[in-house]
Protein chains: 2
Amino acid sequence: MEKMYLKVEDAAQVLKLMGDKTRLSIMRFVNVDECCVCELVELLGLSQPAISQHLRKLKDAKLLNEQRKGHWVFYSINKEHPAIEVVQGILDALPNGKQELEELSNNNLRIICD
Amino acid sequence: MEKMYLKVEDAAQVLKLMGDKTRLSIMRFVNVDECCVCELVELLGLSQPAISQHLRKLKDAKLLNEQRKGHWVFYSINKEHPAIEVVQGILDALPNGKQELEELSNNNLRIICD
DNA sequence: TTATTATATAAGCAAATACGAATATAAGGT
DNA sequence: ACCTTATATTCGTATTTGCTTATATAATAA
């Protein structure tokens with residue numbers, strides 16, 4: 001199998017999106033488990049519109065999948081993204097969000113749907 | 001050896017810097033071989049001040065080393081950077097700059113100092 | 001010294017960005 | 001139908017960004 005290269009412009013777009021600490025942490029969290037907006041608001045300490053706007057950019061770039069479950073909209077990492085290996089390489093170099101998500105659980109702030 | 005994680009803020013800074021197609025290509029080129037400013041100007045088709053300003057940002061972030069040789073200032077990738085593995089992972093996913101640098105050579109536009 | 005070449009810096013500006021406030025939409029419960 | 005909760009969108013704004021133009025600095029050669 002021949003190695004596929006990303007286009008420089010496409011890679012730059014992904015890196016620019018991940019080059020913001022809020023969005024980078026969103027990716028850290030959804031890399032552990034899908035998250036709904038209110039969980040990310042809680043985890044990141046920003047306003048709901050701010051989080052929604054970041055999520056929209058990540059979704060527009062196909063880095064995230066969106067799935068509504070009742071009241072909530074859950075976001076998950078898109079493992080089919082052409083740059084997924086680069087994305088995972090980046091996230092692997094960071095402390096993942098597992099611990100923070102567990103703290104959310106302990107405070108009964110996690111949303112469980114199914 | 002215990003795995004060292006980057007801080008989210010530090011990683012975000014590196015990604016933001018690489019999230020610009022001009023700077024990302026600068027990194028592609030210096031990853032092949034050290035380059036002077038005028039070579040990068042030629043390769044990237046931007047003004048000398050524009051390139052200088054991009055180089056300064058990369059240098060300030062310690063992603064690049066600077067070395068003067070006579071008239072010229074050569075920039076090379078800093079292999080000691082804490083995020084170097086992430087950086088290399090990104091560059092490995094891109095077509096490297098070898099071919100474009102060879103074309104420069106063929107047009108006698110490469111600067112050879114030592 | 002003066003001229004030339006390579007690079008850096010400063011100033012100004014248009015475009016992009018990240019945010020909050022206010023408002024709109026969507027879903028479920030009463 | 002109404003209310004509440006979760007999310008999205010719109011708008012205004014302060015900040016940042018990437019570039020150009022003009023100028024300054026650094027190194028070498030004549």
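A note on names: the letters A, B, ... follow the listed sequences, proteins ahead of strands, and every chain is numbered from 1.
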When rounded to whole Å, the CD1 to C1' distance for the pair B:I51 and C:dA8 reads 14 Å

Give the nucleotide from the list [options] with an atom nearest to the side chain of [X].
| X | options | value |
| --- | --- | --- |
| B:Y75 | D:dT9, C:dT7, D:dT20 | C:dT7 |
| B:H54 | D:dA8, D:dT21, D:dG18 | D:dG18 |
| A:Q48 | D:dA8, D:dA6, C:dA6 | D:dA8 |
| B:Q53 | C:dA8, D:dA8, C:dA11 | C:dA11 |
| A:V37 | C:dT7, D:dC19, D:dA8 | D:dA8 |
| B:L46 | D:dC19, D:dG18, D:dT7 | D:dC19 |

> Do B:V37 and B:S52 come close enough that some side-chain heavy atom pair is under 4.5 Å?
Replying inline: yes

Less than 4.0 angstrom from a charged side-chain N to a carboxylate O is my criterion; do [X] and [Y] meet it?
| X | Y | value |
| --- | --- | --- |
| A:K69 | A:E34 | yes |
| B:E100 | B:R28 | yes |
| A:K59 | A:E66 | yes |
| A:R110 | A:D33 | yes |

Per the under-4.0 Å heavy-atom filter, residues of residues 56-70 of chain A near DNA chain C come out as A:K57, A:R68, A:G70

TODO: Could you check whether A:A50 gets within reach of a base, just the sugar-phosphate, or nothing at all, counting any heavy atom under 4.0 Å?
DONE: sugar-phosphate

